[in-house]
Chemist: 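Below you will find the structure I want to go over with you.
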Amino acid sequence: MKLEDLYGDVIIDYAKNTKFKKHIEHNHEAHGKNTSCGDEIELEFNLNGDIIKDISYTGHGCIISQASTAMLCEALKGKNINSALNIINEVIKMSRGETFDKKTVDSLEMFEDISTLPMRVKCFSLSWHTAEEKLTEVKENDES
Amino acid sequence: MKLEDLYGDVIIDYAKNTKFKKHIEHNHEAHGKNTSCGDEIELEFNLNGDIIKDISYTGHGCIISQASTAMLCEALKGKNINSALNIINEVIKMSRGETFDKKTVDSLEMFEDISTLPMRVKCFSLSWHTAEEKLTEVKENDES
Amino acid sequence: MSLFQKYRNDFPILDKNNIIYFDNAATTLKPKRVVDSFEKYYNNFNSNVHRSSHKLSAESTKIYENSRKNIADFINAESTDEIIFTKGTTEALNLISSSLIRSDLISEDESVLTTTLEHHANFVSWQQYGKIFGKNVHYYKNNNGIFNEDDFIKLIDKKTKVIAFTALTNVTGQVTDIGKIINSARNINKNIIIVIDGAQYVPHFKTDVRKYDIDFIAFSGHKMLGPMGTGVLYGKKNILKKLPPYMFGGEMIDSVTTEDTTFNIIPFKFETGTPDVAGFYGLSEAINYMNETGTDKIHERVKELTMYALEKLKTLDFLDLYGTLDENQHSIVSFNVKDIHPHDVSQFLNDSDGIAIRSGHHCAQPFHKELGIYSSCRASFNFYNTEEEIDTLYDALLKIRRWFK
Amino acid sequence: MSLFQKYRNDFPILDKNNIIYFDNAATTLKPKRVVDSFEKYYNNFNSNVHRSSHKLSAESTKIYENSRKNIADFINAESTDEIIFTKGTTEALNLISSSLIRSDLISEDESVLTTTLEHHANFVSWQQYGKIFGKNVHYYKNNNGIFNEDDFIKLIDKKTKVIAFTALTNVTGQVTDIGKIINSARNINKNIIIVIDGAQYVPHFKTDVRKYDIDFIAFSGHKMLGPMGTGVLYGKKNILKKLPPYMFGGEMIDSVTTEDTTFNIIPFKFETGTPDVAGFYGLSEAINYMNETGTDKIHERVKELTMYALEKLKTLDFLDLYGTLDENQHSIVSFNVKDIHPHDVSQFLNDSDGIAIRSGHHCAQPFHKELGIYSSCRASFNFYNTEEEIDTLYDALLKIRRWFK
Ligand SMILES: Cc1ncc(COP(=O)(O)O)c(C=O)c1O
Ligand SMILES: Cc1ncc(COP(=O)(O)O)c(C=O)c1O
């Protein structure tokens, strides 16, 4: 992966953008941690039925994890749980170097080559795994 | 080491000779064990002051250990503790491939090359270590 | 060139040494591609794993995790989370026995059942951790060196929480009927935990942990053409998650404070310290070699050699042979020459004809005790051995008789 | 050809990769003769040790025990009985911490003292075994990342039975005054047991266990030019004899019955399972290489490089540097680029100039916590590095600033 790809302007801008980096009124929250560096991420969800009305994050981490988390918020906001889980699923596949649906992944495709960097995959996918776990839990509770 | 050296007639004869393989009236005994095969040797000493009046062995083991033990009995019988320990010392040096006194070692020199066989050194030296430990103990008790 | 000669050409050590290597159960020879993997690894990728983001570390991490995947597939594990790397079967069995016994999965009125046919690694570990942590360990005693699965099953009851047994004993080569034991055990106690010593089994039999519903199986890389210092513990995910860690150090940690420590997810919870990446790269090459050669072919060839050896040695009336002495025996033949100590037999075979067998108790003292002997001779085969080599062994045994007469 | 170029030629990986390797504290590069030792061993001697009497086994046993002798001499141990082979520092520290804590050498009103500067291997192990076996563990808390020996000594009292500390921290490279600590500790409590984490120290300092009267010291082969998967625990004979074994299996056994087991003499009581003979052969070659190159020369060269790096990096005002920042620091320089996450720094250095450093908490979370940070960047040097490489690092750090501005 070339420097310009990983640390291009778009990604740095996402990392610095604080639009989603705040506390919101929420009814669900999820905590994620990267054991290799101690980075932590806190996601807050405001769910209305199965719609993600609002979403935000706090915590500390590298550019990759901050940018990835900001883009997660952007991608999931307004979606229902099922389509959110679908997006998450495709993004995680991409991060593992598996085949994925480009349309679903959308602009996150710029992280396609992250799969070649085993250490950075963790940074990138931390918030996605965290969100996946929480939304799956909510979904299962609703169904039961 | 050539087959004829390790399993020559003299050594096989010693191993089969039961002259010293018996129980005797004794005032000291010592037990030795080879952890790699479970072989065990029991030495009995009849000491008169510091003179080894009689010595014998029982137990089970390979030709090397049986022959070596029979030769140990032959070499130590009649000696006083100090010269017995001296012989033992030189024989153990030989078995380790260190320089040793040929005169002291005498006919045991036929085992000189045992030092090149790490597994068989244990068979050869089991009874010598067992005797050394016991005689050193007796000597130290006498002196104190 | 015969197929067997082709196999032999893959093992450079056979060119250089005039040796008949029948000590395969102790450690196998290594094919060229496994030996060469060290140079490849250290001269190109040398690095610690999982910890740095530089190129060498990224490459090393991929190599290490690909090796885990390769091994998971080899035994048909569901996930790489179930493959824990150790330095050998011994460490794998210490890990699982101490962790299980220390966990709350076994209560104080429950027990572990193992057998007197085990290698010390699968016997002393249960016994000693049982003593240290106050849990009960029971033993099935074999009958004249034979593992009778029915008698073993009779000892299992509702209080038996763990059964630990070998899939192929390293003394006689008897193959255990794993399927029968596991089915019967689960009928008695659905949640019984099955721990298998696969050190001699995995190298020779298609191992399918899901087909047999095995909970844990331990094996060694160096006994299946791989490097020394490599071993594997397979463990079922849902049980591994409940177990306490074995060793403490880096990487297996989630968070550390002076008050307490929380641990990483599996399999990393059970792996700590810088791993032997080069070694596991080599093990992966060994697996590739076995897959390409064909594990079925290897199995069949070793079966042939074992039967050939058994039939020949059975004709020597001055031998005591141990085991079932039929098709239930695989890769190993153990015996004693009447009135001659095993150490003398193995020394003679080495000195007279360059034949490498092993003599001793093969780290299985309870087994030998049940047989009423202290030690024995063991010839163990692999697919690069030949019938001619077995003929040489046969002739050398006749020579021994004459020599020591 | 300069001397330094000559050093570099000994490391084939430097030819093949356009890489500036500053991750030596994680694992060092391996010289050609160490890499080649694998081929030599597996293609000529391949065998298990201590167990068979055939030629390969005899050769392997000699190789393995000669390696033990070589290592004993390297650290001036009195006897080879005092050298226990492990797979790394982590296993060595787990061995000694669990065995000491489980033994009756520490009573329930006595305690262990360690420090928050430790690698997790020398911290979590004492903490967790202490919890498991009900023994007390206390911690010296460092002040702003500095190990103050006087403050540490103040915490030692008559009830302190074991002190465990690093001789060179893997975070800042600060060298501990071992002599001072050991003398003071013995004055307080003559029989106090000294356990040293030598993972970063032994590769760079002439280690003399008798001069300093060290009881135990652990180190890793792969951090001193040797193969991965090799490590050593040195232990004083008279204490080792009193300790219970760590792992259970073959070879470490004297006698086994279903009632109980008795154990072999040292060092074998602490070594079980088939060892990595090839690996320890390689470690012995690494020691030969270091002896022939001159451990003094290696030390001096690394000292030069460390000081050069420190002085250069000190001039960059956008860096936070950690440690004593003077001659007390050896082989390691740690820092953060203000406002930029260490993972981004290390990724950038790799991508822009092929510089391999490590970022993270370096398995030392308590240390980082005391510093008030989560993670850091670490550049660690060895004698094959050069001033030019450090200049490249310096320039790249300036680039980072510009890039992320
Ligand atoms: C059945 C069995 N279990 C366990 C072991 C121990 O394996 P390792 O020495 O590789 O730890 C062996 C081999 O020695 C064995 O044959
Ligand atoms: C100070 C220190 N102690 C212990 C260790 C652990 O060594 P290993 O990973 O070789 O077990 C390391 C290296 O990671 C270290 O730097």
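Lettering follows sequence order; numbering is per chain, from 1. These figures come from a predicted structure and were not determined experimentally.
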Chemist: Flag yes if more than 12 heavy atoms outside C:K206 fall under 6.0 Å of its NZ atom; otherwise flag no.
Modeler: yes
Chemist: Do chain C and chain A have donor-acceptor pairs under 3.5 Å, and which are they?
Modeler:
{"residue": "C:K62", "atom": "NZ", "partner": "A:T116", "partner atom": "O", "Å": "3.3"}

Chemist: With C:N43, which residues qualify under side-chain hydrogen bond (donor to acceptor under 3.5 Å, both in side chains), at least two apart?
Modeler: none
Chemist: How far apart are the closest heavy atoms of A:P118 and C:A58, and which atoms are they?
Modeler: CG-O, 3.5 Å
